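Every value quoted in this text rests on a predicted model; they were computed, and no experiment measured them. All chains are named by letter (A, B, ...) in the order of the sequence lines, taking the proteins before the strands, and each is independently numbered beginning at 1.
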Amino acid sequence: MTSRLDRIAQQRLEKLERLRARGINPYPHRYHRSHTTQQAIALLKQQEEGGGKGETPVVNIAGRIMARRRMGKISFLDIRDGSGKIQLYFHSDLVSEANLKLLKDIDIGDIIGASGKLFRTKSGEPTLEVENFTLLSKSLRPLPEKWHGLSDIDTRYRQRYLDLIANTEVGEIFKVRSQVITGIRQFMDRRGFLEVETQVLQPLAGGALARPFITHHLALDQDFYLRIALELHLKRLIVGGFDKVYEVGRIFRNEGISTKHNPEFTMLESYEAYADYNDVMEMVEKMVSGTLRKITGGYKIRFGDNVLNFKPPWQRLSLHQAIMNYAGVNFDKFPDTDSLRGEMLRLKMEVDPQKDRGRLIDELISTYVEPNLIQPTFLLDYPIEISPLAKKKPDNECLVERFEGFAGGMEIANAFTELNDPIDQRQRFLQQQKQQAEGEAGVIDEDFVLSLEYGMPPTGGLGLGIDRLVMLVTNQQSIREVILFPQLREKT
RNA sequence: GGGCCGUUAGCUCAGUUGGCAGAGCACCUGACUUUUAAUCAGGGUGUCGCAGGUUCGAGCCCUGCACGGCUCACCA
């Protein structure tokens with residue numbers, strides 16, 4: 001590193017050695033903290049509201065030093081813990097000689113514990129008048145700048161701990177993320193769903209069509225795939241007799257990285273026996289709107305330039321109608337790949353000649369429809385070609401009972417009335433296999449089909465992208481802002 | 001993988017037509033008994049992302065590479 005950083009680190013190492021020479025352990029094992037900074041402030045307020053009667057109790061607090069203002073005989077330090085921050089006041093007449101000496105070797109970034117009485121300064125700032133303090137951890141490196149914080153995105157993601165120290169609002173995003181997941185779990189548990197954990201390392205990566213990550217088990221001398229969906233194992237559990245199951249789990253897709261895609265992301269999947277996609281739709285509305293209300297107190301959130309209103313019921317639109325509205329294509333009139341491609345070319349759309357009818361429809365959705373679905377919207381009834389795990393509509397062999405939920409121009413949910421006919425399922429897999437691109441997992445999961453042969457009740461299933469939901473709730477335009485450690489290329 | 005943009009002190013950023021490498025914060029020394037982006041005086045600590053090239057001379061121009069951002073492609 002540069003000589004200047006060496007110099008700062010060197011100075012701090014020298015301080016460390018001085019402390020050790022005086023018999024001070026710069027990294028002690030524990031500290032008895034009586035209050036968090038916010039509890040201490042609350043205690044002071046309580047004391048004041050009681051008319052100042054009684055002795056102010058001595059509190060022990062601990063945290064990282066964020067700022068220092070030295071003024072001759074007195075010093076002010078700001079320290080921060082997980083709850084917030086508080087100001088410390090040091091007066092050289094009030095602390096021991098040893099403490100005074102220690103204070104000289106303390107730096108911004110160090111973690112200390114301090115005890116003393118609470119009071120308010122002239123300007124009303126709640127403050128701890130320090131009587132005694134201890135070094136709890138010596139910091140050897142300078143923190144990012146106090147006013148502008150840390151804004152270099154590369155450093156923010158690679159050294160997320162610095163981001164969290166320097167930019168307090170980043171921590172808030174991840175608190176909301178936790179609240180979203182907690183809210184969803186509570187919702188599902190209350191509805192009688194059983195939370196389960198299924199395997200991450202799978203012999204076949206099924207349940208979606210995406211390129212998987214591959215790994216190898218040494219003892220078994222066998223390749224495994226990191227799961228690309230939770231679907232097929234959760235449905236096995238429905239066959240097994242758990243009527244309502246869900247999993248909040250990490251899934252892995254070996255695809256491109258973008259502001260809306262991270263190679264590993266978190267998905268909620270749930271399956272409910274004896275339900276269909278209409279039941280699931282209602283559940284999604286209640287789950288998302290209810291969780292939102294719990295966190296924000298209302299149904300409306302700002303997302304970019306828009307205000308999204310999640311109050312049920314959400315807009316429902318058939319996929320067919322949506323593509324008519326936004327792309328001007330009536331796909332019913334173009335029942336095969338060639339005719340649909342011809343129509344798209346006639347409308348001067350860019351068309352990938354490799355794509356079959358299903359993928360062309362998919363393209364119409366993602367290019368023309370999805371970006372326009374700002375308010376929460378359900379698109380219903382998808383073409384069978386792109387929905388191999390969903391049950392056909394009773395009155396239309398070409399469509400399945402499937403919906404996707406959108407908000408803020410992003411897909412957040414995907415659900416269907418699950419296909420439970422094992423013969424139809426095998427045929428759909430075979431059909432899928434023919435269309436599959438190279439590199440994608442293409443082997444039929446025979447064990448899954450076998451499980452269907454034993455009989456799966458009619459079932460409604462759901463997949464919900466947690467990361468994107470958190471993006472919406474926290475008004476973030478990049479998925480990396482809601483994932484603590486997003487995927488980056490290793491620096492060489 | 002393609003296109004565009006970026007990379008200068010620990011952090012946030014300037015850097016003119018190609019002519020001695022700059023500021024604020026942080027850091028070090030000193031002053032200061034209620035400060036809070038404390039203030040005041042002094043101190044610049046750098047492989048200008050990396051490697052080449054052009055030039056008397058390159059942070060600046062050219063080529064390649066690395067990493068990042070946006071975007072396109074990919075992506076049930």
Side-chain angles (χ1 to χ4, degrees), chain A residues 1-12 14-15 66-78 85-94 107-109 119-127 129 139-159 162-163 165-167 206-211 228-229 231 253-261 263 350 352 354-356 358-359 361-363 365-367 382-390 400 402 404 411 414 416 428 432 435-437 439-440 463 477-478 480 486 488-492:
Chain A
M1 286 302 249
T2 62
S3 63
R4 185 156 91 169
L5 184 58
D6 283 348
R7 187 177 131 272
I8 293 176
Q10 192 57 41
Q11 284 164 351
R12 293 202 172 192
E14 282 164 15
K15 286 178 181 175
M66 300 305 294
R68 174 172 51 187
R69 296 174 291 280
R70 278 196 284 218
M71 324 185 45
K73 289 183 88 171
I74 66 166
S75 278
F76 293 93
L77 300 186
D78 292 339
K85 66 177 201 177
I86 194 169
Q87 174 173 265
L88 305 185
Y89 167 79
F90 286 82
H91 192 298
S92 54
D93 293 346
L94 295 174
D107 292 297
I108 290 173
F119 77 108
R120 257 176 221 282
T121 61
K122 280 178 190 167
S123 53
E125 176 89 6
T127 303
E129 185 181 272
S139 168
L140 300 178
R141 290 184 182 268
L143 290 179
E145 203 240 1
K146 63 180 171 187
W147 189 242
H148 298 93
L150 177 67
S151 61
D152 181 73
I153 284 183
D154 201 8
T155 309
R156 285 187 51 229
Y157 295 158
R158 286 180 201 278
Q159 293 178 277
L162 285 183
D163 190 25
I165 292 170
N167 305 315
L209 198 61
R211 213 166 293 155
I228 57 174
E231 175 134 1
R253 294 186 180 177
N254 206 341
E255 309 282 0
I257 296 175
S258 78
T259 49
K260 293 189 177 76
H261 300 83
E350 278 184 41
D352 183 342
Q354 303 290 315
K355 284 183 174 171
D356 57 31
R359 286 172 191 247
I361 290 173
D362 218 34
E363 163 122 15
I365 300 169
S366 57
T367 307
Y382 279 61
I384 191 164
E385 299 98 309
I386 51 174
S387 315
L389 299 163
V400 296
R402 171 183 177 188
E404 290 191 316
E411 179 200 334
N414 181 22
F416 19 93
R428 301 271 202 100
Q432 198 68 28
Q435 304 165 357
Q436 242 145 38
E440 287 168 337
Q477 302 299 317
S478 168
R480 292 176 208 111
L488 296 177
R489 197 186 295 270
E490 196 64 31
K491 275 209 164 159
T492 46

Answer with base, sugar-phosphate or nothing: what part of the nucleic acid does [X] contact at a heavy-atom distance below 4.0 Å?
| X | answer |
| --- | --- |
| A/R120 | nothing |
| A/G124 | nothing |
| A/T259 | sugar-phosphate |
| A/R12 | nothing |
| A/Y382 | nothing |
| A/L389 | base |
| A/L150 | sugar-phosphate |
| A/G358 | nothing |
| A/K260 | nothing |
| A/D352 | sugar-phosphate |

Salt bridge or not for A/K355 and A/E363, using N-O below 4.0 Å?
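So A/K355 pairs with A/E363 through a salt bridge.
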Any salt bridge between A/R12 and A/E14, counting N to O under 4.0 Å?
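Between A/E14 and A/R12 there is no salt bridge, as every charged N stays at least 4.0 Å from the carboxylate O atoms.
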Surrounding NZ of A/K15 (heavy atoms of other residues, nucleotides or ligands, distance under 6.0 Å), is the total greater than 12?
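More than 12 heavy atoms, drawn from other residues, nucleotides or ligands, come within 6.0 Å of this atom.
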Rounded distance in Å between the [atom1] positions of [N] and [M]:
| N | M | atom1 | answer |
| --- | --- | --- | --- |
| B/U8 | B/G49 | P | 6 Å |
| B/C70 | B/A51 | P | 28 Å |
| B/C75 | B/G15 | P | 43 Å |
| B/C48 | B/G6 | C1' | 14 Å |
| B/C65 | B/U7 | C1' | 14 Å |
| B/G10 | B/C27 | C1' | 9 Å |
| B/A9 | B/A14 | C1' | 13 Å |
| B/G19 | B/U12 | C1' | 28 Å |

Does the side chain of [X] get closer than 4.0 angstrom to OP1 or OP2 of [N] through an N or O atom?
| X | N | result |
| --- | --- | --- |
| A/R69 | B/U33 | no |
| A/R156 | B/G68 | no |
| A/S151 | B/C13 | yes |
| A/K146 | B/A38 | yes |
| A/R70 | B/U39 | no |
| A/K355 | B/C74 | yes |
| A/R489 | B/C67 | yes |

Could you tell me whether the side chain of A/E255 and the main chain of A/R211 form a donor-acceptor pair under 3.5 Å?
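Side chain of A/E255 to backbone of A/R211: a pair is present.
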Please report, rounded to the nearest Å, how far the [atom2] atom of [N] is from the [atom1] atom of [X].
| X | N | atom1 | atom2 | result |
| --- | --- | --- | --- | --- |
| A/I74 | B/U39 | CD1 | C1' | 13 Å |
| A/E255 | B/G1 | CD | C1' | 14 Å |
| A/E363 | B/A76 | CD | C1' | 14 Å |
| A/I108 | B/C11 | CD1 | P | 16 Å |
| A/R211 | B/C75 | CZ | C1' | 8 Å |
| A/F119 | B/U35 | CZ | C1' | 10 Å |
| A/Q477 | B/G69 | CD | C1' | 15 Å |
| A/H148 | B/A14 | NE2 | C1' | 12 Å |

Listed by chain and number, what are the side-chain hydrogen bond (donor to acceptor under 3.5 Å, both in side chains) partners of A/T155, not counting sequence neighbours?
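Checked A/T155 against side-chain hydrogen bond (donor to acceptor under 3.5 Å, both in side chains); matches are A/D152.
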Mapping A/A67 and A/D93 onto RNA chain B by nearest heavy atom, which one lands closer to the 5' end?
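The answer here is A/D93.
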Partners meeting ring-ring contact (aromatic ring centres under 6.0 Å, His included) with A/Y382 (sequence neighbours left out):
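Per chain and number, A/Y382 pairs via ring-ring contact (aromatic ring centres under 6.0 Å, His included) with no residue.
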Considering only side-chain heavy atoms of A/H91, which listed nucleotide, B/U33, B/A76, B/G68, is closest?
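Of B/U33, B/A76, B/G68, B/U33 is nearest to the side chain of A/H91.
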Starting at the 5' end of RNA chain B, write a dot or bracket for each base, bracketing those in Watson-Crick or G-U wobble pairs whose two distances are under 3.5 Å and using | for partners on another strand.
(((((((..((((.....[..)))).(((((.......))))).....(((((..]....))))))))))))....
